[in-house]
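Some notes on the structure that comes next.
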Number of protein chains: 2
Amino acid sequence: MIEGTTADETAEGTHTCCESPGDIDTDAVATDLRLLTAMGNDTRYELLRRIANAGDGVCVCDLEAAVGVSQSAVSQALSRLYSAGLVTRRKEGSWRYYEPTETAAALLETLDDLRGSRA
Amino acid sequence: MIEGTTADETAEGTHTCCESPGDIDTDAVATDLRLLTAMGNDTRYELLRRIANAGDGVCVCDLEAAVGVSQSAVSQALSRLYSAGLVTRRKEGSWRYYEPTETAAALLETLDDLRGSRA
DNA sequence: GAAACGTATTAGAATCTGCTTGTATAAGCT
DNA sequence: AGCTTATACAAGCAGATTCTAATACGTTTC
């Protein structure tokens with residue numbers, strides 16, 4: 001849906017205002033969208049922020065208390081963050097600790113910077 | 001749903017693995033989520049990329065041909081990008097030209113960098 | 001003014017999301 | 001082994017999204 005323009009480039013239309021913008025790499029789009037949609041949800045965003053703030057590993061049990069949804073919902077949210085590459089997880093005994101990836105740190109930092117400069 | 005922890009901090013639970021992570025600024029969350037959800041959609045992401053690539057103003061008519069959805073859908077998508085602060089728009093005759101904001105440029109650049117470093 | 005074009009708005013249908021509830025798995029404790 | 005705790009998985013449902021079609025609006029051109 002991205003690479004090849006489905007519509008006929010040489011269409012008979014009367015458009016003459018400007019030329020068509022270039023195409024975009026499909027894989028890149030998929031990757032970016034996975035990141036953006038993973039972060040673009042109240043619960044997941046907040047979980048990620050908390051994980052990032054804590055820095056050195058937060059366990060699910062504490063996150064659960066903080067976001068106001070069920071244990072199951074937290075688990076699902078964390079899975080999603082994990083498969084998007086925004087957090088790593090490590091098992092320790094019966095607990096599981098989550099940590100932010102560099103990707104997450106970079107994106108959150110950009111968002112913070114933008115807010116700071118009110119851009 | 002963010003600032004105050006709804007669950008009782010001193011609950012009778014047996015959690016002892018780690019302490020609760022700090023809270024997050026509500027407005028910041030809202031702003032970030034508006035950006036993330038605006039970009040986190042195939043159509044809108046692709047439109048934004050194309051607008052950013054073109055740099056100096058693309059009109060709706062050409063974007064339309066590129067993304068494979070109806071004119072109406074493109075218009076709605078652009079409105080959403082606009083109200084999220086990701087693009088500016090300027091009217092010129094009966095055409096409307098869109099340009100990326102610094103916010104959009106910064107976010108896209110971060111995404112590009114991340115992809116580059118495979119982080 | 002009327003017709004044609006570029007864009008926006010509205011309304012409704014189809015699809016997607018994110019939650020809850022219930023259950024499963026795995027580890028620790030007695 | 002049995003019970004409890006920590007986390008994951010599965011199914012189902014309510015509400016949110018996102019598209020299309022139809023229509024409205026503003027400009028340009030005849």
Under-4.0 Å side-chain N/O to phosphate OP1/OP2 contact, [X] with [N]:
X	N	result
A:R44	C:dT17	no
A:R89	D:dA6	no
B:R96	C:dA8	yes
B:N41	D:dT18	yes

Side chain of [X] only, heavy atoms from C-beta on: which candidate in [options] is closest?
X	options	result
A:S94	C:dC19, C:dA27, C:dA8	C:dA27
A:S75	C:dA8, D:dG26, D:dA8	D:dA8
B:S79	C:dC19, C:dT7, C:dT9	C:dT9

Between [atom2] of [N] and [atom1] of [X], the distance in whole Å:
X	N	atom1	atom2	answer
A:R80	D:dA8	CZ	P	16 Å
B:K91	D:dT27	NZ	P	5 Å
B:Y97	C:dA8	OH	P	13 Å
A:E92	D:dT7	CD	P	12 Å
B:L47	D:dC19	CG	C1'	13 Å
A:E46	C:dG18	CD	P	15 Å
A:L33	C:dC16	CG	P	15 Å
B:L63	C:dA8	CG	P	11 Å

Interface polar pairs with nucleotides 20-25 of chain C, N/O, under 3.5 angstrom:
{"from": "C:dT20", "atom 1": "OP2", "to": "A:S70", "atom 2": "N", "distance (Å)": "2.9"}
{"from": "C:dT20", "atom 1": "OP2", "to": "A:S70", "atom 2": "OG", "distance (Å)": "3.0"}
{"from": "C:dT20", "atom 1": "O4", "to": "A:Q76", "atom 2": "NE2", "distance (Å)": "3.0"}
{"from": "C:dT21", "atom 1": "O4", "to": "A:S72", "atom 2": "OG", "distance (Å)": "2.8"}

Legend entry - B:Y82 six-ring centre to B:R89 NZ/CZ under 6.0 Å and within 45° of normal: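 Cation-pi check for B:R89 and B:Y82: passes.
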Mind checking side chain to side chain contact (heavy atoms under 4.5 Å, CB included) for [X] and listing every partner two or more places apart, or none if nothing turns up?
X	value
A:A104	A:L48, A:L86, A:P100, A:T101
A:L36	B:L36, B:M39, B:Y45, B:L111
B:S75	B:Q71

Legend entry - Counterpart residues, side chain to side chain donor-acceptor pair (under 3.5 Å), relative to B:T31 (two or more places apart): none
Legend entry - Pairing of A:E46 and A:R44 as salt bridge, 4.0 angstrom limit: no
Inset, instruction - Just jot down the salt bridge (Lys or Arg N to Asp or Glu O under 4.0 Å) partners of B:R49, sequence neighbours excluded, or say none. - result: A:D32, B:D112
